[in-house]
Amino acid sequence: SMRRLILAALLATPAMVAAQTAPQISVDTLKEVTKTLSSDAFEGRAPGSAGEEKTLAYLQQQFQKAGLKPGNKGQWLQDVPLVEITAKDVTPLTITGGKTPLSLAYGPDMVVGTYRVTPHIDVKDSDVVFAGYGIVAPEKGWNDYAGLDVKGKTVVVLINDPDWQTQGLTGPFNGRAMTYYGRWTYKYEEAARQGAAAVLIVHQTEPAAYGWNVVQSSNTGAAHVADAANGHMDDTAAHGWIQLDKARALFASAGKNFDSLAAAAKVKGFKPVPLGVKASVSFDNQIKKQISHNVVGILPGREAPDEYVLLSAHWDHLGRCTPVNGDDICNGAVDNADGTAALVALAEANVKAGAPRRSMVFVALTAEESGLLGSAYYGENPVYPLAKTVGGANMDALAMYGPSKDVIVICPGKSQLDSYLTAALKRQGRTATPEPTPEKGFYYRSDHFSLAKHGVPMVYFETGQNLVKGGLAAGQAAAKDYEENRYHAPSDEYNPAWDWSGVQQDVALYYMLSRDLADSREWPNWMPGDEFRSIRDKSRATVTGAAK
């Protein structure tokens with residue numbers, strides 16, 4: 001109702017917190033930390049390497065020097081157990097019991113793997129079911145598994161969410177924009193919750209946002225996961241993707257039409273369809289384990305030390321990589337030595353300003369490059385209770401474009417944190433630009449998401465491209481130059497000629513936003529209808545006398 005909308009708008013305006021003086025973000029700290037972490041001595045900061053040991057020692061020293069306290073029960077480090085699983089001797093995926101038996105080859109026709117930390121996987125004569133988009137969203141009254149027990153079965157699902165072909169951003173799943181329900185990770189997780197033995201996603205280039213080549217290269221080498229006490233035995237035995245033409249052949253063999261069932265799956269009230277055929281696939285797993293680490297520091301709050309605002313940045317990069325002109329170290333200066341430097345500079349600035357009302361937690365995360373694993377492990381094993389974590393932000397690859405008139409907000413309108421960002425931008429005389437490609441689901445592909453999925457509101461914005469010098473054209477050219485010439489390459493190196501004024505401006509924004517949150521009494525929530533809202537409401541309900 002309109003009244004509810006107005007009420008929501010009122011709630012979304014932050015209570016006036018003590019007006020802040022513009023923070024003094026030390027450019028010297030930003031430069032020094034970025035230069036050190038991205039130097040060849042740190043060998044590209046790969047988890048488990050000598051570069052990790054150097055990085056951990058350096059960050060502990062920097063956090064201590066900034067005036068933080070060790071954040072993990074008197075320790076600076078949180079152990080993050082990592083597992084590398086490589087599927088070997090993968091059999092074809094066979095489909096039997098239909099009009100024609102099918103055999104799908106590993107690589108060209110299908111890819112398959114597991115998160116189970118076990119030496120052998122055998123899916124045998126498992127009943128195949130089509131479960132539409134594989135979504136269970138009670139807040140939208142949507143359940144693609146309704147009325148069907150899929151225990152031990154193989155579930156075939158579609159990528160993205162049901163309204164991805166909509167032009168605008170309105171619809172049950174935000175139209176063209178992707179929600180978490182559209183991501184492949186969600187499809188795997190939901191199939192596991194439903195007890196399926198295997199889950200296969202049908203690949204389609206447009207809704208996936210990449211071709212089969214990306215699916216194949218990303219799913220045929222080693223897979224990395226953060227370990228779990230149960231070795232992920234509650235996951236599906238197998239998960240993977242199949243080519244579109246093979247999906248059509250599978251459905252035809254079952255006497256069904258793929259295109260008409262895929263169209264039916266877009267409509268609310270869709271019920272899963274047993275296909276009457278059986279799937280089999282087996283493979284061995286080569287397993288390697290190692291321990292990496294997150295670095296955790298805290299600035300204890302003055303009045304509410306058991307309420308936490310979280311800032312994070314991943315310290316890891318690719319280590320040694322494919323040589324270019326004899327250089328085989330991927331230094332990761334922008335990705336993400338500068339974001340880690342910003343974490344140190346923010347710790348320094350906040351300590352200098354004196355303790356805020358609430359505690360501030362600073363986490364340097366590992367294994368982002370292997371699939372957000374350090375943050376995923378923190379989300380599953382939080383050092384501070386997530387129900388008492390107010391919200392926060394993550395800094396990844398702060399762009400060296402010089403000062404901009406705007407920032408690009410990823411998934412605007414998800415939570416009430418937007419109003420904190422708006423207030424901070426206003427103090428800088430800058431504006432928010434909505435992301436240009438909401439269909440790519442970038443919100444779900446960065447470390448802050450590992451907290452969001454457990455209900456903690458996280459705001460995500462990137463360096464704006466409307467530059468003070470040269471406008472949008474200059475900003476887009478700079479972004480393209482980085483992406484094509486330095487991203488994930490040995491040339492992502494520290495450059496003494498960089499103009500830090502734009503980064504300084506962005507770090508000041510993170511300062512104001514997080515400091516306002518740390519000085520506030522509010523508990524900003526996700527907007528009504530957001531996919532993380534009910535998770536947060538349940539989590540906050542566990543806290544006695546929790547503010548709604």
### Query
Do Asp316 and Thr366 get their side chains close enough for a donor-acceptor pair, meaning under 3.5 Å?
no
### Query
Cut-off 3.5 Å, side chains only: do Asn525 and Asp530 have a donor facing an acceptor?
no
### Message
Measuring only between side-chain heavy atoms, which start at C-beta, is Val281 closer than 4.5 Å to Leu104?
### Response
no
#### Entry: Phe130-Phe270 aromatic ring centre distance below 6.0 Å
yes
### Message
Working to the nearest 0.5 angstrom, can you tell me the gap between Lys124 NZ and Thr94 OG1?
### Response
9.0 Å
### Expected output: side-chain Trp315 to main-chain His293 donor-acceptor under 3.5 Å
yes
### Query
Distance under 6.0 Å and angle within 45° of the ring axis: does Arg358 meet both against Trp523?
yes
### Query
Picking from Asn285, Asp89, Asp284, what satisfies side-chain hydrogen bond (donor to acceptor under 3.5 Å, both in side chains) with His120?
Asp284
### Summary
Heavy-atom closest pair (Ala208 atom, His203 atom, distance to 0.1 Å) is CB-CD2, 4.1 Å
### Query
Would you call Glu531-Lys414 a salt bridge at under 4.0 Å N-O?
yes
### Task
Would you confirm whether Lys538, through its side chain, and Gly455, through its main-chain N or O, come within 3.5 Å as a donor-acceptor pair?
no
### Query
Would you say the side chain of Tyr378 lies within less than 4.5 Å of the side chain of Ser312, judging by non-hydrogen atoms?
no
### Message
If we count only N and O atoms by modelled type, under 3.5 Å, do the side chains of Thr179 and Asp161 hold a donor and an acceptor together?
### Response
yes
### Message
If you define the side chain from C-beta out and look only at heavy atoms, does anything of Met360 sit under 4.5 Å from Leu311?
### Response
yes
### Task
Would you please say whether a donor-acceptor pair under 3.5 Å links the side chains of Tyr180 and Thr185?
yes
### Task
For the pair Lys453 and Glu189, find out whether any cationic side-chain nitrogen is under 4.0 Å from an anionic carboxylate oxygen.
yes
### Query
Would you find a donor on one side and an acceptor on the other, under 3.5 Å apart, between the side chain of Ser359 and the backbone of Gly301?
yes
### Message
For Val128 versus Leu250, what's the shortest heavy-atom pair and its separation?
### Response
CG1-CD2, 4.3 Å
#### Entry: Student check: side-chain heavy atoms of Phe251 and Asp259 closer than 4.5 Å
no
### Task
Measure across Gly319 and Ala46 and return the closest heavy-atom pair with its distance rounded to 0.1 Å.
CA-CB, 3.7 Å
### Task
Mark yes or no for whether Thr91, through its side chain, and Ser282, through its backbone, hold a donor-acceptor pair below 3.5 Å.
yes
### Query
Arg176 pairs by salt bridge (Lys or Arg N to Asp or Glu O under 4.0 Å) with which of Glu206, Glu439, Glu435?
Glu439
### Message
With a 3.5 Å distance limit and no angle check, can you tell me whether Ser126 reaches the backbone of Thr154 through a side-chain donor-acceptor pair?
### Response
yes
#### Entry: N/O donor-acceptor pair under 3.5 Å between Asp144 side chain and Ile135 backbone
yes
### Message
I want to check something: taking the side chain as every heavy atom from C-beta on, are Phe258 and Val156 in contact at a cut-off of under 4.5 Å?
### Response
no
### Message
Strictly distance-based, threshold 3.5 Å: is any side-chain N or O of Arg445 a donor or acceptor partner for the main-chain N or O of Lys440?
### Response
yes
### Query
Quick one: which of Leu93, Val155, Val157 gives a side chain to side chain contact (heavy atoms under 4.5 Å, CB included) with Leu200?
Leu93
### Query
So do Arg536 and Phe532 actually touch side chain to side chain, heavy atoms under 4.5 Å?
no
### Query
So, Ser218 side chain and Val215 main chain: donor-acceptor pair closer than 3.5 Å or not?
no
### Query
Taking His448 as the fixed residue, which of Phe461, Phe442, Tyr443 is the one that meets the ring pair (Phe, Tyr, Trp, His ring centres under 6.0 Å) rule?
Tyr443
#### Entry: Glu52 side chain reached by Ser292 side chain, heavy atoms, under 4.5 Å
yes
### Query
Is a donor on one side and an acceptor on the other found under 3.5 Å between the side chain of Ser253 and the backbone of Thr100?
yes
### Query
Do Ser280 side-chain atoms and Asp125 backbone N/O form a donor-acceptor pair below 3.5 Å?
yes
### Query
Side chains of Asn394 and His314: is there a donor and an acceptor less than 3.5 Å apart?
no
### Query
Are Tyr444 and Tyr460 near enough that their ring centres are under 6.0 Å apart?
no
### Task
May I ask you to check whether Tyr133 and Trp142 place their ring centers less than 6.0 Å from one another?
no
#### Entry: Where Leu386 and Ser539 come nearest, the two heavy atoms and their spacing
C-OG, 4.4 Å
### Query
Is Ile287 close to Val83 at the side-chain level, that is, under 4.5 Å between some pair of heavy atoms?
yes
